[in-house]
Amino acid sequence: MSLFPPLFLFVSFVFLVVFTLRLRRRPPENEKRRLPPGSMGWPYIGETLNLYTQNPNTFFSTRQNRHGKMFKSHILGCPCVMISSPEVAKIILVTKSHLFKPTYPTSKEMMIGPQAVFFHQGSYHSHLKKLIQSSFLPSAVKALVSEIEAIVLDLLPIWDQTETINTLHEMKKYSYAVAMISVFGKKMEVEEMEGLKELYHCIEKGYNSMPLDLPGTPFNKAMKARKLLNERLRKLIQKRRDNRDDGGGLLGVLLGLKGKEQLSDSQIADNIIGVIFAAHDTTASVLTWLLKYLHDHPHLLDAVKMEQEDIKCKRLETNRGITWDDTRNMPLTNRVLQETLRAASILSFTFREAVEDVEIEGYLIPRGWKVLPLFRTIHYCSDFFPDPNKFDPSRFEVAPRANTFLPFGNGAHSCPDGMWSEKMTGYSMAPSPCPNKGCLSNSIGIGES
């Protein structure tokens, strides 16, 4: 009993010291930072299985309803923060974009090519964006209208003689042909064009496959096709260099660079492959959804037909093909296209990675975490688009609220198609855009550059 008081005092003293030290290490109340609400799921696999076994719309909307417009999760092997607030999405993509770098799996970079614009930031990225953009501006597209019309006129008889048409397959053929003239300029030989097409098709099959580089796997076949495609493009590039004939198109722009701006054959090949790969697949998807929505809404189909018939009559009167000015006089057709871009949301979300600890809206986004602006979720928010599940082109008679319509992303890595659409519709698709807009897409990211 005589030892009890000293022992009690000693233990009390130890606890007091530990408590004081903890108190000193604890940040002041106003400096506390916490992660966004949400679940990280199971160890290692996170919530990936939930994402793959549910409708993605359900996966995201359920968590948004539970946790709000900024929540955490763990998918595809990465801790993530999901964003469905237009204002926060703008912070990530525009205002503080320097704190969030674009990120892609290594397998995607291998497939497209490490020198492609998608995988870079800074001066190299900015320079390439401007060059790519120049090939998709209205001034460049205007000159191709008659050639694009010729592609359609060649395809129509084939479709007319076919009993059953795979719409997506046919739209891919069409968009590929358009992409080829945009990129290569002058018309290519049929055999040359078909050879490149087969290699692209093989790469496309392996792009979203498991990255297992074993004989016979889709990834292995895609990588072999990528190597062959690179060799063919290098020969084509060398041929045009030797002939001093750039041939026009994006390739002509890249070949025309001189001095310090001149690109290597490898840089040109990677960017040509990336642009065609990203452009033709997403364009085909949008066109397929457009045809589906028109089929499902006969009254809209009839109204669009009537608008097109009026233009056709004017063309017949003057005995001419379709022109760029004709495309400027299709208000209903353009509204149908805008609503398709909203409803289909081909670019559902994109990946960014925090380059340092960032605090937004009172929440901490740790360095290395992925950040996913959820474009599709924003497009289906009833606060911005009333009755969002209804296909209603009339909603675009008035410009949508800023930062709520993002079919091409936003900021420095948005798509040049966005600029084209601004020219067509008369209002900005992605308000507060970066001046270096440019590139292309698929559902989770290579839709951006």
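Positions are given from 1 along the sequence. Side chains included, hydrogens not; waters and symmetry mates left out as well; all remaining heavy atoms used.
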Tell me whether [X] contacts the main-chain N or O of [Y] through its side chain, where contact means a donor paired with an acceptor under 3.5 Å.
{"X": "R63", "Y": "F59", "answer": "yes"}
{"X": "K370", "Y": "C80", "answer": "no"}
{"X": "N334", "Y": "P331", "answer": "no"}
{"X": "E307", "Y": "L332", "answer": "yes"}
{"X": "E147", "Y": "L144", "answer": "no"}
{"X": "Q267", "Y": "Q115", "answer": "no"}

Within-4.5 Å side-chain heavy-atom neighbours: [X] and [Y]:
{"X": "V304", "Y": "H297", "answer": "no"}
{"X": "Y207", "Y": "D281", "answer": "no"}
{"X": "M82", "Y": "P36", "answer": "no"}
{"X": "L300", "Y": "L294", "answer": "yes"}
{"X": "R320", "Y": "D326", "answer": "yes"}
{"X": "V371", "Y": "V358", "answer": "no"}

Looking only at heavy atoms, which two atoms of [X] and [Y] are closest? And how far apart?
{"X": "I91", "Y": "I360", "answer": "CG2-CD1, 3.8 Å"}
{"X": "R395", "Y": "D387", "answer": "NH2-O, 3.4 Å"}
{"X": "I273", "Y": "Y200", "answer": "CA-OH, 3.0 Å"}
{"X": "L250", "Y": "I132", "answer": "CD1-CA, 3.9 Å"}

Is there a salt bridge (Lys or Arg N to Asp or Glu O under 4.0 Å) between R226 and D270 once you walk through the steps?
CA-CA 10 Å; R226 173 63 177 80; D270 284 1; 2.7 Å; yes
Working to the nearest 0.5 Å, report the span between [atom1] of [X] and [atom2] of [Y].
{"X": "I322", "Y": "I311", "atom1": "CD1", "atom2": "CD1", "value": "6.5 Å"}
{"X": "L51", "Y": "T58", "atom1": "CG", "atom2": "OG1", "value": "11.0 Å"}
{"X": "N329", "Y": "K314", "atom1": "CG", "atom2": "NZ", "value": "6.0 Å"}
{"X": "C381", "Y": "L374", "atom1": "SG", "atom2": "CG", "value": "12.0 Å"}
{"X": "N271", "Y": "I112", "atom1": "CG", "atom2": "CD1", "value": "10.5 Å"}
{"X": "L263", "Y": "L255", "atom1": "CG", "atom2": "CG", "value": "9.0 Å"}

Under 30°, 30 to 60°, or over 60°: which ring-plane class applies to F405 and F385, parallel, tilted or perpendicular?
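Correct class here is perpendicular.
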F349 vs F60 aromatic rings, parallel, tilted or perpendicular, using cut-offs 30° and 60°?
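F349 vs F60 ring planes: perpendicular.
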How about K197: does its NZ atom have over 12 heavy atoms from other parts shown lying under 6.0 Å from it?
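Buried by this count: over 12 neighbours within 6.0 Å.
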Consider salt bridge (charged side-chain N to carboxylate O under 4.0 Å, His left out). Of K235, R240, R241, which one does D265 pass it with?
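Exactly one candidate clears the test, R241.
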Cation-pi check for F375 against R342: NZ or CZ below 6.0 Å from the six-membered ring centre and within 45 degrees of the axis, yes or no?
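That pair does not qualify as a cation-pi contact.
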Hey, is [X] close enough to [Y] for a salt bridge, meaning N to O under 4.0 Å?
{"X": "K142", "Y": "D325", "value": "no"}
{"X": "K90", "Y": "E87", "value": "no"}
{"X": "K69", "Y": "E361", "value": "no"}

How far apart are the C-alpha atoms of R234 and S266, what are their side-chain angles, what is the distance that settles it, and do they pass the side-chain contact (heavy atoms from CB on, under 4.5 Å) test?
CA-CA 8 Å; R234 281 174 175 271; S266 179; 3.3 Å; yes
